[in-house]
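Following: one structure in structure tokens, then a few remarks.
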Amino acid sequence: INMYGKCGSAEDAQRMFDKMPARNVVSWNSIIAAYAQHGRSEEALQLFRRMHLERLTPNKVTFISVLQSCAGSTALAEGKQIHARIVASRVEVDLVMANALINMY
């Protein structure tokens, strides 16, 4: 998934993701990042919502990717909600996370 995403082939990354019998936070992060890094913000945000519906806990990498997606779209309201989730989950806000938050706002 990561390789296809880095090569700019989100569709192939999505096919691999869809074929996986079990997914963890790393596979979710890879597919969300594949879309986020190539300007496909809405798809990345939809996957983040789906991850939440499947009751998987996002980690710092997940949040950084979705914040990037919010910055790349007009999803400031959703970005603010994600920021609130970061605070509530007590995820460490390091330099990379802080930069993602600043970029999103």
Side-chain angles (χ1 to χ4, degrees):
I1 296 169
N2 190 39
M3 185 270 303
Y4 283 122
K6 286 184 177 185
C7 291
S9 183
E11 292 78 14
D12 289 326
Q14 185 69 55
R15 273 193 286 283
M16 294 302 300
F17 181 80
D18 291 341
K19 289 180 182 180
M20 293 180 74
R23 300 176 189 114
N24 60 22
V25 71
V26 174
S27 55
W28 281 95
N29 288 346
S30 295
I31 191 64
I32 290 169
Y35 285 109
Q37 291 170 357
H38 294 285
R40 296 179 61 181
S41 301
E42 187 53 42
E43 291 99 328
L45 290 167
Q46 286 175 355
L47 283 162
F48 179 70
R49 291 182 210 113
R50 190 170 135 202
M51 180 183 182
H52 179 71
L53 290 173
E54 294 191 17
R55 302 196 185 278
L56 282 159
T57 303
N59 64 16
K60 184 173 22 176
V61 175
T62 316
F63 286 127
I64 290 167
S65 290
V66 295
L67 288 171
Q68 178 183 354
S69 293
C70 291
S73 68
T74 57
L76 180 59
E78 189 162 8
K80 288 180 178 181
Q81 292 174 351
I82 292 165
H83 186 189
R85 284 186 65 188
I86 291 167
V87 172
S89 67
R90 298 181 181 254
V91 170
E92 176 192 2
V93 178
D94 62 6
L95 184 61
V96 177
M97 176 76 77
N99 283 335
L101 284 163
I102 290 167
N103 192 40
M104 187 269 303
Y105 280 110

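All values below come from the heavy atoms of this structure, side chains included, with hydrogens, waters and symmetry mates left out.
Between Ile31 and Ala10, the shortest heavy-atom distance links the atoms CD1-O, 4.5 Å. Residues Ala36 and Ser65 approach most closely at CB-O, 3.6 Å, considering heavy atoms. Contact between Gly79 and Leu67 at its shortest, heavy atoms only, is O-CD2, 4.3 Å. When every heavy atom of Ser69 is checked against every heavy atom of Leu45, the shortest pair comes out as CB-CG, 4.0 Å. Ile1 and Ser30 make their closest contact through CG2-CB, 3.5 Å (heavy atoms, listed as atom of the first residue, atom of the second, distance). Nearest heavy atom pair, residue Ser9 against residue Asp12, reads OG-OD2, 2.6 Å.
With a 6.0 Å cutoff to the six-membered ring centre and a 45° limit on the axis angle, Arg23 counts as a cation-pi contact of Phe17.
Interatomic distance, CD1 of Ile32 versus OG1 of Thr62, reported as 6.0 Å (0.5 Å rounding). Here Leu101 contributes atom CG and Lys80 contributes atom NZ; the two are 12.5 Å apart, rounded to the nearest 0.5 Å. To the nearest 0.5 Å, the span separating CD1 on Ile82 from OG on Ser89 amounts to 11.5 Å. For the atom pair CZ of Arg85 and CZ of Phe63, the computed distance is 5.0 Å after rounding to the nearest 0.5 Å. A distance of 15.5 Å separates CD in Gln46 from CE in Met51, rounded to the nearest 0.5 Å.
A salt bridge between Arg15 and Asp18 is absent, with no side-chain N of the basic residue lying under 4.0 Å from a carboxylate O of the acidic one.
Among residue pairs with one or both ends in residues 35-49, those qualifying as salt bridge (Lys or Arg N to Asp or Glu O under 4.0 Å) are Glu11-Arg40, Arg40-Glu43, Glu42-Arg49, Arg49-Glu78; sequence neighbours excluded. Identified under the salt bridge (Lys or Arg N to Asp or Glu O under 4.0 Å) test for residues 24-37, with sequence neighbours left out: none. Each salt bridge (Lys or Arg N to Asp or Glu O under 4.0 Å) pair with one or both residues in residues 88-105, not counting sequence neighbours, appears once here: Lys60-Glu92, Lys60-Asp94.
Across Val61, Ile64, Ile102, a single residue satisfies side-chain contact (heavy atoms from CB on, under 4.5 Å) together with Met97, and that is Ile64.
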